[in-house]
Amino acid sequence: MNVMTTIPQPIISSTVHVNHYNQLLTTLSAASSLSHLKQVHARIIRLGLDRSNSLLIKLAVSACTLSSPSFDYALSAFYQMHNPEPHLSNKLLRELSRSIKPEKALLAYAKMREKGFVVDSFSLPPLLKASTRIPALSEGMELHGFATKLDFVSDPFVQTGLVAMYSACGHIEDARMMFDKMPERDVVAWNMMIDGYCGNGRYNDVLPLIEEMKRSDVKPDEKIFSTVVSACGRAGNLEFGKAFHEFITENKVVIDYNLQCSLVIMYAGCCSMDMAANIFKKLSPKNIVVSTAMITGYSKAGRIDDARLIFDQMTEKDLICWSAMISGYAERGQPQKALQLFDKMLTLGVKPDQVTMLSVISACASLGAVHNALKIQSYVDENRFSGVLPVNNALIDMYAKCGELDRAKQVFTRVHRRNVITWSSMIGAYAVHGDAINALDLFHEMKNQKTAPNEVTFVGLLYACSHAGLVEEGRKIFASMVNDYNLTPKREHYGCMVDLYGRANLLKEALEVIEQMPMAPNVVIWGSLMAACRIYNETELGEFAAKRVLELDPYHDGAHIFLSNIYAKGKKWENVGEIRKLMQNKGVVKQRGSSRIELDGEIHEFLTADKNHARVDEIYEKLDAVVSELEVAGYTPNMSCVLVDLDEDEKTKALLWHSEKLALCFGLLRRKRGSCIRIIKNLRVCEDCHNFMKLASKVYGIQIVVRDRTRFHRYEDGVCSCKDYW
DNA sequence: GTCGATACAT
């Protein structure tokens with residue numbers, strides 16, 4: 001039915017007018033589409049009511065609140081008005097400022113000034129709100145100037161709006177100046193200022209402000225505590241968060257559901273899981289957001305089983321909580337569980353996003369299993385993630401950590417729009433494979449393509465140099481980092497330099513780096529010097545470094561063992577006894593060696609002297625055979641690698657039962673002809689195993705790839721890719 | 001007739 005045809009001709013009578021007017025208002029409120037509004041607009045004109053500004057404003061506001069709003073229609077209706085009263089214009093400004101296009105409010109304002117529409121002090125709050133939401137500093141400042149000129153600036157609502165605007169534009173000091181000038185500050189003004197500090201990361205300014213608020217007559221409400229507590233959580237500021245919790249309790253602020261949620265999320269975000277759990281267990285109902293925060297918190301705190309418990313108790317699961325649980329496993333050294341969970345998620349029909357993929361790829365990287373890596377890449381390619389740069393960057397890293405340098409290179413090549421992470425990942429890939437030449441070449445190519453290197457790029461480059469013994473090149477790279485790229489070296493970079501000099505037997509230079517670095521050396525750096533001293537039998541400096549390690553990490557197994565060996569070599573038996581006793585008292589145990597080998601997509605793990613494998617007899621039999629065959633080729637067990645005090649026979653066994661030798665023998669039993677044997681080890685490869693692998697590669701004509709704690713060794717025809725420099 | 005409107009997780 002056509003609305004227009006049913007309308008009688010307007011009869012000029014005030015009663016009829018009022019009737020039409022009210023009817024039109026109701027129709028405007030109910031309008032659900034632009035075409036509907038246009039029909040009503042036509043009726044307004046036909047009825048001769050188009051001089052009614054209040055009707056036209058209602059029309060304009062209705063155009064803004066449609067499910068698919070038309071701001072341009074609203075504005076054109078507005079511009080047709082004749083000097084609308086400011087309280088009507090302000091209605092529209094308010095609507096526009098809250099809409100998805102707050103900039104339309106500023107546009108309307110510009111036109112109002114142009115057309116000479118009257119603006120009053122009530123126009124400013126919505127305009128400032130628009131400037132806050134965009135955020136638009138220069139427009140906001142202009143409004144400030146305008147308000148000052150017309151003396152609207154003494155209005156507390158305008159003042160609060162200015163505080164919000166300056167905070168949102170990052171001008172927190174101006175916000176504070178405005179705030180300080182306010183003669184009367186209500187709870188909203190205080191909240192805006194506090195919120196502003198939180199939004200600008202100025203958490204340390206919040207507490208003093210709350211104290212000041214307490215001293216004034218304004219009582220803080222539970223809403224602002226929710227905001228502040230969650231801000232503490234985001235900043236990981238536990239001390240501050242706790243102080244707030246105490247403040248809340250002491251001041252008997254009502255802890256409502258939302259504040260409870262904020263507290264749980266804050267404690268979980270700060271890894272203070274006992275506190276989080278205390279509140280969480282009382283929380284009812286337990287929503288998905290808080291549960292996810294608990295999962296992440298437990299994961300970060302290393303309590304992955306507790307995280308899983310929460311996960312399993314969730315009645316409703318979304319992509320985010322799946323991703324949180326998966327990345328928890330990936331980051332807490334349980335990559336297999338991460339991958340299992342990913343499979344389960346796919347089975348249940350939950351579609352991963354980029355974030356999930358990055359966790360899963362990093363799980364594959366730490367697992368180091370080629371089979372899984374290939375599976376994940378096909379998933380990436382089949383599900384349109386192959387064009388996503390961060391995913392490709394992660395794939396490069398994954399293949400590098402799986403020992404698949406060529407596949408890493410393939411991914412690198414297919415990425416055309418490379419960013420600094422792409423380049424750094426590939427440089428890092430060459431570095432862990434001991435290929436310093438290609439790492440440096442790639443760096444030059446990167447420079448030619450005008451991609452600026454960052455700190456991570458230089459870690460890769462320095463790492464490559466130190467693992468290849470390129471002392472001079474490393475020195476130059478370090479200097480270039482500072483001089484050409486204006487980057488400030490971090491601990492990692494100094495660590496690489498210590499490593500570079502240490503591995504090259506330039507122990508004096510290594511010590512000088514430590515002495516001259518601007519920050520305190522950490523356990524890794526002293527550990528690196530200690531390791532160098534161990535290689536070059538430098539007992540005096542070694543003892544010194546080991547002691548520094550123990551100061552920083554009293555439970556460091558390697559430093560205890562190293563010291564004990566130094567003393568044993570020097571026949572200082574009393575000191576040896578002391579160290580042993582110390583280890584016993586402190587409960588320091590040597591980290592047990594563990595090696596994984598992947599065969600037919602299955603992963604087998606061996607610990608040192610492992611007797612748990614199903615085919616244990618066969619494996620040890622094979623080990624005896626291999627040892628005999630290698631002895632013919634010149635192998636003699638290198639007893640200096642045994643760090644415990646045992647008799648000769650036991651020492652030999654301890655050496656031969658290193659986990660990577662067991663894994664190798666299992667690989668030799670099960671491998672397919674022509675395939676390469678890949679072993680992933682948790683510790684550094686010892687000299688004896690290194691020699692063992694080299695000889696095995698020659699005697700059996702196979703390629704063996706071993707990933708140890710820090711790098712790859714590729715053994716072929718009796719030679720290792722690390723050139724015995726590791 | 002005006003300002004904020006709580007938590008929000010990978």
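Throughout, a chain's letter reflects where its sequence line sits, starting with A, and its residues are numbered from 1.
Comparing B:dT6, B:dT10, B:dT2 by their closest approach to the side chain of A:D155 singles out B:dT2. Side-chain proximity of A:D120 to B:dT6, B:dG1, B:dT10: nearest is B:dG1. Distances from the side chain of A:A324 to the nucleotides B:dC3, B:dT10, B:dT6 place B:dT10 closest. Looking at the side chain of A:D256, the nearest of the listed nucleotides B:dT6, B:dC3, B:dG1 is B:dT6. If you check B:dT2, B:dC8, B:dT6 against the side chain of A:R94, the one that comes closest is B:dT2. Which of B:dA7, B:dG1, B:dA9 sits closest to the side chain of A:T296 comes down to B:dA9. In this structure, the nucleotide among B:dT2, B:dA9, B:dA7 sitting nearest to the side chain of A:S262 is B:dA7. The side chain of A:V289 lies closest to B:dA9, out of B:dG1, B:dT10, B:dA9.
For A:L367 against A:Q336, the heavy-atom pair with the smallest separation is CD1-CG, 3.6 Å. Pairing each heavy atom of A:V264 with each of A:A276, the nearest pair is O-CB, 3.9 Å.
The aromatic ring of A:F122 sits over the base of B:dG1, with ring centres less than 5.5 Å apart and planes tilted by under 30°.
One can place CZ of A:F311 at 13 Å from C1' of B:dA9, the figure rounded to the nearest angstrom. A straight line from CD of A:E85 to C1' of B:dG1 spans 13 Å, rounded to a whole angstrom. Between A:L127 atom CG and B:dG1 atom C1' the separation is 15 Å, expressed in whole Å. The interatomic distance linking A:D318 (CG) with B:dC8 (P) rounds to 16 Å, in whole Å. A straight line from CG of A:L263 to C1' of B:dA7 spans 10 Å, rounded to a whole angstrom. Following rounding to the nearest Å, A:Y257 (OH) and B:dT6 (P) show an atom-to-atom distance of 15 Å. As a whole-Å value, the separation of A:K300 NZ from B:dA9 P is 11 Å. Taking atom CZ of A:F280 as the reference point, atom C1' of B:dC8 lies 14 Å away to the nearest angstrom.
Residue A:R133 places no side-chain N or O under 4.0 Å from the OP1 or OP2 atom of B:dC3. For the OP1/OP2 pair of B:dC8 and a distance below 4.0 Å, the side-chain nitrogens and oxygens of A:S230 include at least one atom meeting the criterion. Contact annotation: A:S226 side-chain N/O to B:dA7 OP1/OP2 distance is not under 4.0 Å.
Interface residues of residues 172-181 of chain A facing DNA chain B, ordered by number: none; criterion, heavy-atom separation under 4.0 Å.
Residue A:D195 is classed as having no contact, given no heavy-atom separation below 4.0 Å to the nucleic acid. If you check every strand for non-hydrogen atoms under 4.0 Å, A:I265 touches sugar and phosphate atoms only. A:N287 comes within 4.0 angstrom of no nucleic acid atom, judged by non-hydrogen atoms across all strands. Residue-level contact check: A:R185 touches neither bases nor backbone, having no heavy atom under 4.0 Å from any strand. A:I295 comes within contact range of no nucleotide atom at all, as no heavy-atom separation falls under 4.0 Å.
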Legend entry - A:F412/A:W423 under ring pair (Phe, Tyr, Trp, His ring centres under 6.0 Å): CA gap, chis, key distance, verdict: CA-CA 8 Å; A:F412 178 79; A:W423 290 98; 5.3 Å; yes
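Of the charged side-chain nitrogens involved, at least one lies within less than 4.0 Å of a carboxylate oxygen, so that A:R303 and A:D274 count as a salt-bridged pair.
Applying the salt bridge (charged side-chain N to carboxylate O under 4.0 Å, His left out) test to pairs two or more places apart or on separate chains, those with a residue in residues 162-179 of chain A are A:E173-A:R202, A:R176-A:D180, A:R176-A:E212. Every pair passing salt bridge (charged side-chain N to carboxylate O under 4.0 Å, His left out) that includes a residue from residues 309-333 of chain A is listed here, sequence neighbours excluded: A:R308-A:D312.
Not less than 6.0 angstrom separates the ring centroid of A:Y267 from the ring centroid of A:F280. Between A:Y379 and A:F342, the ring center distance clears the sub-6.0 Å criterion.
Annotation for A:K104: atom NZ counts as buried by contact number, over 12 foreign heavy atoms lying within 6.0 Å.
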